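Remarks on the structure that follows.
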There are 2 protein chains.
Amino acid sequence: MDTTQRTDQQRSADRRRRELLEAADRVVLRDGPQASMNAIAAEAGITKPILYRHFGDKGGLYAALAKRHTDALLDSLRAALDAPADRRERVEATLDTYLAAIEARPQVYRFLMHPAEGSQPGDQGFDVGKHSAPLLRRMGEELAQVIEERLDLGPGGQQLARVWGHGIVGMMHAAGDWWLGERPCSRAELVRSLADLLWGRLAAAGDRVGGPGF
Amino acid sequence: MDTTQRTDQQRSADRRRRELLEAADRVVLRDGPQASMNAIAAEAGITKPILYRHFGDKGGLYAALAKRHTDALLDSLRAALDAPADRRERVEATLDTYLAAIEARPQVYRFLMHPAEGSQPGDQGFDVGKHSAPLLRRMGEELAQVIEERLDLGPGGQQLARVWGHGIVGMMHAAGDWWLGERPCSRAELVRSLADLLWGRLAAAGDRVGGPGF
DNA sequence: GACTGGTGTTACCGCAAGTAACATGCACGT
DNA sequence: ACGTGCATGTTACTTGCGGTAACACCAGTC
């Protein structure tokens, strides 16, 4: 009855939506995570209510915007994870891919790492947990899956893989965040140091003379 | 001339300040990180401007409040880190201390993990980097110091220790955050899994049959 | 008794999220 | 041609929060 018509409408709506997202992207890239809805609307050449019609609320826009970048980043990470090389090289390539991404577009990265800060006024029940950005969670889950698929971890391996997935992602994130702020070394050195950590150098290191050891 | 007087005033001011912080603490514990200045003032039985006189702005209150809890947590962590046991046990004790803390008071923990979200209106230059909560940074720095003091890491050891400090803290944080939300296992299991990761089991694990390995 | 300094108040500003109500253009069925 | 839907767009508003100005009270001091 109206399939073609609705398809037309939906297509135009989708196009509009993508345009709005690109405008939002530009603003976020310029203003960081505190980009206001007004600013985004202005950048898109329209006014606020249209944004709200398309995305519901700021969280919706955030989610849509985040999904784009998160998907893109995850694709890059998957590529690094699937490269034909030995395990250590793949780990280093994955770390380097992530760090290169946050280095290239720190504003976007900063935006992604913030959850929906101001919850709704009526939000009485606070969700305990779930403080992390969705990006971190998704990366953790994906990495966990890769680990579990490819490594033989014995009994309880699935759970171990999930812990490791989230743990490694958190390590990568925190180290990258700190590195981005202080730039204490080159990216390659950072990658090497983190891989060394994952490779057990912490456990293998000798005690310092006179000290009790760590 | 006015030393005693000023001391008196300062003492009373400090007492007020502590009372206000305790009130703020209660509100944060109840409402989470989005506790409003109004709510805190109401809980303290006063009105907003007094809070602003004592703490400058919301960031100041946040910082003061965060410092209390951060100091307390860091004390616990130092104690675990200094326990008379071997390295592995100390690492596990430290992880467990942190996880127990966030498990016991998730609201406070959530509050601590959020940086000053809404920057000032006039804040044009966004600080790239420095997205992490001060708590994470401080834990990372302290752990780095402990590692560097106690472990013999050879040349470049100081930098390596800093990377590891922040990396390990990030691992702990992200895994803890995820665990707090999903509760997929007991705290002890989580601690063991993370320690295993740090102990190089990722590098040592065998490839899965038929797979390319990780 | 006037002066000072800290504590407290009410009433306001500015800004951003989110909403209502109204206007406009375009495809349809009759 | 013409009203009917419907998406798109607007202006103008409400609400709530961070932050501030201006005024009131109440010690102790010269």
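Numbered from 1 within each chain, the chains take letters A, B, ... in sequence-line order. Values reported hereafter were calculated over all heavy atoms of this structure, with side chains retained and with hydrogens, waters and symmetry mates removed. Keep in mind that what you see is a predicted model, and the values were worked out from it rather than measured.
For a distance-only test at 3.5 Å, the side chain of B:Arg53 qualifies as a donor-acceptor partner of the base of C:dG8. The base of D:dG19 is paired with the side chain of B:Lys48 by a donor and an acceptor separated by under 3.5 Å.
Annotation for B:Arg192 and B:Arg88: closest pair O-NH2, 3.7 Å, computed over non-hydrogen atoms.
For B:Met37, the listed nucleotide lying nearest its side chain is D:dG18; candidates were C:dT10, D:dG18, C:dA17. Side-chain proximity of B:Thr47 to C:dG18, D:dT10, C:dT10: nearest is C:dT10. You'll find that the side chain of B:Lys58 is closest to D:dG19, out of C:dT10, C:dG8, D:dG19. Distance from the side chain of B:Arg16 is smallest for C:dT7 among the nucleotides C:dG18, C:dT7, D:dT20.
A:Trp179 carries A:Arg183 over the face of its six-membered ring, with the cationic atom under 6.0 Å from the centre and within 45° of the normal.
What separates CG of B:Asp57 from P of C:dC15 is a distance of 17 Å, to the nearest Å. Here the P atom of nucleotide D:dG18 and the OH atom of B:Tyr62 are 15 Å apart, to the nearest Å. Rounded to whole Å, atom P of C:dC12 lies 18 Å from atom OH of B:Tyr52. The CD1 atom of A:Ile46 sits 17 Å away from the P atom of D:dA7 (whole-angstrom rounding).
Here A:Ile50 lies in heavy-atom contact (under 4.0 Å) with a base.
Between A:Asp177 and B:His166, the side chains place no donor N or O within less than 3.5 Å of an acceptor N or O (distance only, hydrogens not considered).
Formation of a donor-acceptor pair under 3.5 Å by the A:Glu189 side chain with backbone atoms of A:Ser186 is found in this model.
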